[in-house]
*Asks:* 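One structure, as structure tokens, below. Some questions next.
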Amino acid sequence: MLEKFTRNIAIDFGTASVLVYLDGQGIVLKEPSVVAIDVSTDRVVKVGQDAMEMLGRTPDHIEALRPMKDGSISQYEVTLQMLRYFIRRACGKVWIPPRVLICVPTGITEVEMRAVMDASREAGARHTYLIEEPKAAALGAGIDIKSPVGSMVVNIGGGVSDIAVMSMGGVVVSDSIPVGGDKFDEAILSYIRRRYNILIGERTAEDIKIRIGDVYEHKKPAYMRVTGRSLTEGTPKEVLISSKEMIEALYEPITAILDSICFVIEQTPPELVGDILQKGMVLTGGGSMLRGLDRLIERVTGIPTFVARKPISSTVLGAGSLLPYLKSMPEGMVTLPTRV
């Protein structure tokens, strides 16, 4: 009788951002996974976008931080408060606590799984369910993973890249590496420091990645003026950098992702490799939007490679499509229903 008053929500709780999908409404929240804390009182000051704007600009008693690291919880209490904040914002005042479906990386350990579920319950969830990110991303990208035909998804998030081959609703072969958008930013920051001897901040590195980041050889480079602090003189210094330099700057993290993709392909049964060669590989996650990445992967693997239509929201959209089925599922890692 009270079922109609129950809210079901799906959360893509990533290292860089949090997306929340509310049953019947779609995506209702998209915020950076950043929390600002008053270290003198342990009180949360800001969460999400407001906290993001404080990164690198806070006084001594305020610390802006990311409680998720490499796709897992690094600071439990902070994560708990952030999760509680997003659940309350998404659901408002409800009589019955919501069912919550959370996207997690492949290869998550039992300890990490328990930490996520405990945090969700303490944050106000009535029942908590988990789904592997590549599986949810594939559903969100419109891939029929229940088919016996093999599908391959590369989900590049802020802290983790998940590569998975799926068939019959399950993951056949997968790999998860702690490389994603954050490592791209770190590589750019390191390159600027090494090449130009100036220091830039994380937000500037991310801006460079978004505006001129590229990993595939091209004839017409884009340029961007970057201001940082000279490491020799200690004064502001401006340099002009090009998109061609980003190929060198991003070489290490991109090579790690390529190696993981090749590893998964090598472990995949030959019949499924044939399916993937015909259907192609799908890229999801914010990191998949890096210019030239799809062409580079296709050149290295020989497999047609496509970026999903909504790469950033594919994972939460896929998880959201499962919300109507939660009431008939046991808590924990979900298995796909016969019909989705």
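Note that the numbering runs from 1 along the sequence shown for the chain.
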*Asks:* Test: side-chain hydrogen bond (donor to acceptor under 3.5 Å, both in side chains). Region: residues 242-254. Which pairs qualify, not counting sequence neighbours?
*Replies:*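 Those involving residues 242-254 are Y191-E245, Y196-E245, H218-S243.
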
*Asks:* Pair up each side-chain donor or acceptor in residues 29-37 with any protein partner under 3.5 Å, not counting sequence neighbours, and list the distances.
*Replies:*
| from | atom 1 | to | atom 2 | distance (Å) |
| --- | --- | --- | --- | --- |
| E31 | OE1 | Q49 | N | 2.7 |
| E31 | OE2 | R89 | NH1 | 2.8 |
| S33 | OG | G14 | O | 2.8 |
| S33 | OG | T15 | O | 3.1 |
| S33 | OG | A16 | O | 3.3 |
| S33 | OG | S17 | N | 3.0 |

*Asks:* Take V100 and H127 through the test side-chain contact (heavy atoms from CB on, under 4.5 Å) and record every step on the way to the result.
*Replies:* CA-CA 6 Å; V100 179; H127 298 297; over 6 Å; no

*Asks:* Would you say V273 and V172 are hydrophobically clustered, going by side-chain heavy atoms of ILVMFWY under 4.5 Å?
*Replies:*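 Unlinked, V273 and V172 end up in two clusters.
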
*Asks:* Do V104 and E112 have side-chain heavy atoms sitting under 4.5 Å apart?
*Replies:* no

*Asks:* Apart from L240 itself, what residues make up its hydrophobic cluster when side-chain heavy atoms of I, L, V, M, F, W and Y under 4.5 Å apart count as a link, directly or indirectly?
*Replies:*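 In the cluster with L240 are Y223.
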
*Asks:* Identify the two heavy atoms, one from G285 and one from N155, that lie closest to each other, and give their separation to 0.1 Å.
*Replies:* N-OD1, 3.5 Å

*Asks:* Which pair of non-hydrogen atoms, one from I87 and one from P98, has the smallest distance, and what is that distance?
*Replies:*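 So the minimum-distance heavy-atom pair works out to CG2-CG, 4.0 Å.
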
*Asks:* OG1/T315 to OH/Y21 distance, rounded to the nearest 0.5 angstrom?
*Replies:*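 Interatomic distance, T315 OG1 to Y21 OH, rounded to 0.5 Å: 14.0 Å.
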
*Asks:* Would you say I276 and V165 make side-chain contact, with heavy atoms under 4.5 Å?
*Replies:*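 Yes - at least one pair of side-chain heavy atoms lies under 4.5 Å apart.
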
*Asks:* In terms of hydrophobic clustering (I, L, V, M, F, W, Y; side-chain heavy atoms under 4.5 Å; direct or indirect links), are I192 and I247 co-clustered?
*Replies:*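 Different clusters.
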
*Asks:* Could you give the distance from CD (Q81) to CD (E122), rounded to the nearest 0.5 Å?
*Replies:*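 Atom-to-atom, Q81:CD and E122:CD are 11.0 Å apart.
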
*Asks:* Just wondering, do R195 and V239 contact through their side chains at under 4.5 Å, heavy atoms?
*Replies:*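 Side-chain contact under 4.5 Å: no.
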
*Asks:* Supply the atom-to-atom distance T235 OG1 to R229 CZ, rounded to the nearest 0.5 angstrom.
*Replies:* 10.0 Å

*Asks:* Please report the closest heavy-atom contact between S288 and L293, naming both atoms and the distance.
*Replies:* CA-CD2, 4.2 Å

*Asks:* Can you give me the closest heavy-atom contact between T284 and A137, atom names plus distance?
*Replies:*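 Closest heavy-atom pair between T284 and A137: OG1-CB, 3.5 Å.
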
*Asks:* Do R211 and D207 sit within salt-bridge range, that is, some charged N less than 4.0 Å from a carboxylate O?
*Replies:* yes

*Asks:* How about R121 and E331: do any of their side-chain heavy atoms sit closer than 4.5 Å?
*Replies:*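 Counting from C-beta outward, R121 and E331 do come under 4.5 Å.
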
*Asks:* Do L80 and D118 have side-chain heavy atoms sitting under 4.5 Å apart?
*Replies:*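 No, every pair of side-chain atoms sits at 4.5 Å or beyond.
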
*Asks:* For E238, I'd like to know if atom CD has over 12 heavy atoms of other residues, nucleotides or ligands within 6.0 Å.
*Replies:* yes

*Asks:* Looking at side-chain heavy atoms only, is the closest gap between V215 and R291 below 4.5 Å?
*Replies:*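 Sidechains of R291 and V215: no contact.
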
*Asks:* When you look at L139 and I145, which way does the side-chain contact (heavy atoms from CB on, under 4.5 Å) test go after all the steps?
*Replies:* CA-CA 7 Å; L139 289 171; I145 62 174; 4.2 Å; yes

*Asks:* side-chain hydrogen bond (donor to acceptor under 3.5 Å, both in side chains): which pairs involve residues 263-276, sequence neighbours left out?
*Replies:* none

*Asks:* Nearest 0.5 angstrom please: M166 CE to E132 CD, how far?
*Replies:*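 Nearest 0.5 Å value for the CE-CD distance: 9.0 Å.
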
*Asks:* Do R126 side-chain atoms and P97 backbone N/O form a donor-acceptor pair below 3.5 Å?
*Replies:* yes

*Asks:* Less than 3.5 Å apart, which donor and acceptor atoms pair up between the side chains of residues 299-311 and the rest of the protein, not counting sequence neighbours?
*Replies:*
| from | atom 1 | to | atom 2 | distance (Å) |
| --- | --- | --- | --- | --- |
| T301 | OG1 | I297 | O | 2.8 |
| T301 | OG1 | I303 | N | 3.2 |
| T305 | OG1 | I303 | O | 2.9 |

*Asks:* Pick out which of I210, I156, L296, I254 makes a side chain to side chain contact (heavy atoms under 4.5 Å, CB included) with L290.
*Replies:*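 Of the listed options, the one satisfying the test is I254.
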
*Asks:* State, to 0.1 Å, how close G286 and I312 come at their nearest heavy-atom pair, and which atoms those are.
*Replies:*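 Scanning both residues, the minimum pair turns out to be CA-CG1, 3.9 Å.
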
*Asks:* Taking the side chain as every heavy atom from C-beta outward, state whether V282 and V154 have any pair of such atoms under 4.5 Å apart.
*Replies:*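 In short, these two side chains do not touch, never coming nearer than 4.5 Å.
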
*Asks:* Does one hydrophobic cluster hold both M168 and V171, with members joined at side-chain heavy-atom distances below 4.5 Å?
*Replies:*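 Looking at the clustering, V171 is in a separate group from M168.
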
*Asks:* How far apart are the C-alpha atoms of K279 and V149, what are their side-chain angles, what is the distance that settles it, and do they pass the side-chain contact (heavy atoms from CB on, under 4.5 Å) test?
*Replies:* CA-CA 9 Å; K279 291 178 59 179; V149 177; 3.5 Å; yes

*Asks:* The test is salt bridge (charged side-chain N to carboxylate O under 4.0 Å, His left out); show your working for R7 and D23 and say whether it passes.
*Replies:* CA-CA 7 Å; R7 309 306 298 267; D23 197 10; over 6 Å; no

*Asks:* Considering all heavy atoms of both residues, which atom of I198 and which atom of G228 are nearest to each other, and what is their separation?
*Replies:*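 Closest approach of I198 to G228, heavy atoms only: CD1-N, 4.1 Å.
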
*Asks:* Are V20 and I27 packed together at the side-chain level, in the sense that at least one heavy-atom pair is separated by less than 4.5 angstrom?
*Replies:*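 SC-SC contact between V20 and I27 ruled out.
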
*Asks:* Out of curiosity, I208 CD1 to I188 CD1, how far, rounded to the nearest 0.5 Å?
*Replies:*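 Taking CD1 in I208 and CD1 in I188, the distance rounds to 6.0 Å.
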
*Asks:* So how far is it from T128 OG1 to R114 CZ, rounded to the nearest 0.5 Å?
*Replies:*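 Spacing of OG1 (T128) from CZ (R114) equals 9.5 Å.
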
*Asks:* Can you list every pair that meets side-chain hydrogen bond (donor to acceptor under 3.5 Å, both in side chains) and has a residue in residues 157-175, with sequence neighbours left out?
*Replies:*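 Residue pairs passing side-chain hydrogen bond (donor to acceptor under 3.5 Å, both in side chains), neighbours aside: T106-D162, D162-S176, D175-S260.
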
*Asks:* Look at the side chain of S321 and the backbone N and O of G318, then say whether any donor-acceptor pair between them is shorter than 3.5 Å.
*Replies:* yes

*Asks:* Test side-chain contact (heavy atoms from CB on, under 4.5 Å) on I11 and L101; report intermediate values, then the result.
*Replies:* CA-CA 6 Å; I11 303 178; L101 174 59; over 6 Å; no

*Asks:* So T227 and K237, side-chain hydrogen bond (donor to acceptor under 3.5 Å, both in side chains) or not? Walk me through it.
*Replies:* CA-CA 6 Å; T227 302; K237 182 179 178 181; over 6 Å; no

*Asks:* Take atom CE of M117 as the centre, draw a 6.0 Å sphere, and report whether it contains more than 12 heavy atoms from other residues, nucleotides or ligands.
*Replies:*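 Atom CE in M117 is crowded, with more than 12 foreign heavy atoms closer than 6.0 Å.
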
*Asks:* Tell me whether V28 is reachable from L83 by hopping between hydrophobic residues (I, L, V, M, F, W, Y) whose side-chain heavy atoms are closer than 4.5 Å.
*Replies:* yes

